[in-house]
Amino acid sequence: RAIMLPHAGWKYCGDIVARTISQTEVPDLALVIGPKHSPYGARLAAASEDFWLYPHAALPIAVKLAQILQTRIPGLTRDSEAHRVEHSCEVLLPFLHYANASLRVLPIAVGNSSLSELLSFGEALGNAISTLGIRVLYVIPSDLNHFADDDENQRRDRSAIEAMISGNPEVLYETCKSKDISMCGMQPAVVVMKALLTQSETIAPKLIEYHTSAPISFDYARVVGYAGMVIE
């Protein structure tokens with residue numbers, strides 16, 4: 001029903017992205033809901049283009065779905081500016097497209113929001129998808145903690161992963177806030193978990209693979225954590 005994938009450079013986490021995607025069936029439609037790292041554009045921004053291009057491919061955007069969601073989710077805007085310098089969604093698209101050549105995507109960037117705003121967004125999204133009766137794969141682009149030493153980073157990452165495995169989006173939010181875990185896709189994860197819970201009573205997140213950047217960069221003093229997860 002959903003997957004969480006890291007969105008750093010492929011040399012750091014491409015293995016996790018590929019192995020996690022291999023554990024699920026990518027349908028013809030994916031909602032890629034990621035963090036907005038920049039101040040540009042709308043706070044809740046769906047891609048406004050018809051296609052996103054990368055070398056040798058044009059990946060169609062689910063324009064009609066974007067138009068429908070804009071009418072059903074308060075605050076959601078179709079806005080290209082929010083995505084112009086944002087990397088969190090785009091670095092995953094070639095992997096997803098490779099898994100299903102018929103894929104259409106709707107990238108949505110989520111700016112800083114309160115817990116109540118995130119839960120409201122998730123509930124409205126889940127209700128809209130249920131009403132439409134369509135099959136989608138929710139994709140959460142997210143790295144885990146940033147820039148502690150390797151031991152401390154792994155400790156914080158374990159807390160975030162355990163909170164996500166709880167299946168409770170509020171637990172994930174409060175854990176990251178109270179333990180100072182800089183999981184950049186935490187807010188999109190809250191949205192997706194709430195959307196899934198709107199569609200069913202429980203969810204079952206499962207860790208597929210985890211490592212930090214240290215084995216690749218050889219820098220153990222300032223690392224980033226990466227995890228691939230599936231949510232059933």
Side-chain angles (χ1 to χ4, degrees), residues 1-10 12-27 29-35 87-96 98-100 103 105 107-108 110 118-119 122 125-126 129 135-146 153-177 179 181-213 215-216 223-232:
R1 302 173 65 196
I3 53 176
M4 186 177 82
L5 304 171
H7 59 243
W10 292 344
Y12 294 105
C13 63
D15 56 339
I16 293 180
V17 174
R19 288 169 187 156
T20 304
I21 290 175
S22 75
Q23 300 299 306
T24 189
E25 179 184 345
V26 177
L29 178 59
L31 277 172
V32 187
I33 304 176
H87 65 280
S88 64
C89 293
E90 68 183 16
V91 299
L92 303 177
L93 298 184
F95 289 85
L96 294 164
Y98 181 83
N100 183 346
L103 181 69
V105 298
I108 298 176
V110 178
L118 296 169
L119 294 175
L125 177 61
I129 296 300
R135 183 187 176 203
V136 305
L137 176 68
Y138 294 97
V139 180
I140 306 161
S142 183
D143 299 333
L144 295 179
N145 195 68
H146 292 61
N153 219 83
Q154 290 194 46
R155 186 187 68 80
R156 296 189 194 191
D157 291 344
R158 282 194 297 271
S159 293
I161 291 167
E162 289 169 3
M164 198 159 175
I165 288 174
S166 77
N168 186 327
E170 297 180 44
V171 169
L172 176 62
Y173 184 95
E174 297 298 343
T175 296
C176 289
K177 291 292 186 180
K179 296 188 176 183
I181 301 169
S182 54
M183 175 183 174
C184 54
M186 177 270 286
Q187 297 195 53
V190 169
V191 170
V192 169
M193 292 169 75
K194 181 61 177 179
L196 293 174
L197 287 168
T198 301
Q199 298 173 262
S200 64
E201 291 185 1
T202 61
I203 58 176
K206 179 175 66 173
L207 178 66
I208 300 301
E209 188 163 342
Y210 166 81
H211 62 63
T212 71
S213 59
I216 298 94
V223 311
V224 179
Y226 309 119
M229 301 186 72
V230 299
I231 306 177
E232 298 174 348

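All values below come from the heavy atoms of this structure, side chains included, with hydrogens, waters and symmetry mates left out. Here the structure is a predicted model, which means the values were calculated and not measured.
With a 4.5 Å cut-off on side-chain heavy atoms, Leu5 and Ile16 do not count as touching. Side chains of Tyr173 and Met186 form a contact here, defined as non-hydrogen atoms less than 4.5 Å apart. Between Met183 and Met164, some side-chain heavy-atom pair lies under the 4.5 Å cut-off. Taking 4.5 Å as the limit, every side-chain heavy atom of Ile208 sits out of range of all side-chain heavy atoms of Ile3. For the pair Leu103 and Leu93, the minimum side-chain heavy-atom distance is 4.5 Å or more. Leu172 is not listed as a side-chain neighbour of Ser166, based on a closest heavy-atom distance of 4.5 Å or more. By the 4.5 Å heavy-atom criterion applied to side chains, His7 and Cys184 are counted as neighbours. Side chains of Leu31 and Leu125 form a contact here, defined as non-hydrogen atoms less than 4.5 Å apart.
Between Tyr226 and Tyr12, the ring planes are tilted. Angles from 30° to 60° get that label.
The salt bridge (charged side-chain N to carboxylate O under 4.0 Å, His left out) analysis of residues 154-165, with sequence neighbours excluded, yields the pairs Glu152-Arg155, Glu152-Arg156, Arg156-Asp180.
Arg19 meets the salt bridge (charged side-chain N to carboxylate O under 4.0 Å, His left out) test with Asp15, Glu209; sequence neighbours excluded. For Asp143, there are no side chain to side chain donor-acceptor pair (under 3.5 Å) partners two or more places apart in sequence or in a different chain.
Shown here for Pro35 and Pro188, the closest heavy-atom pair between the two residues is N-CG, 3.5 Å. What you find for Gly167 and Leu197 is that their closest heavy atoms are O-CD1, 3.6 Å.
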Could you give me the CA-CA distance, side-chain angles and deciding distance for Lys194 and Leu118, then say whether side-chain contact (heavy atoms from CB on, under 4.5 Å) is met?
CA-CA 8 Å; Lys194 181 61 177 179; Leu118 296 169; over 6 Å; no
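For the atom pair CG of Leu92 and OG1 of Thr20, the computed distance is 10.5 Å after rounding to the nearest 0.5 Å.
Thr24 places no side-chain N or O within donor-acceptor distance of the main-chain N or O of Val26, the cut-off being under 3.5 Å.
Counting heavy-atom neighbours within 6.0 Å of Glu232 CD, excluding the residue itself, gives a total of 12 or less.
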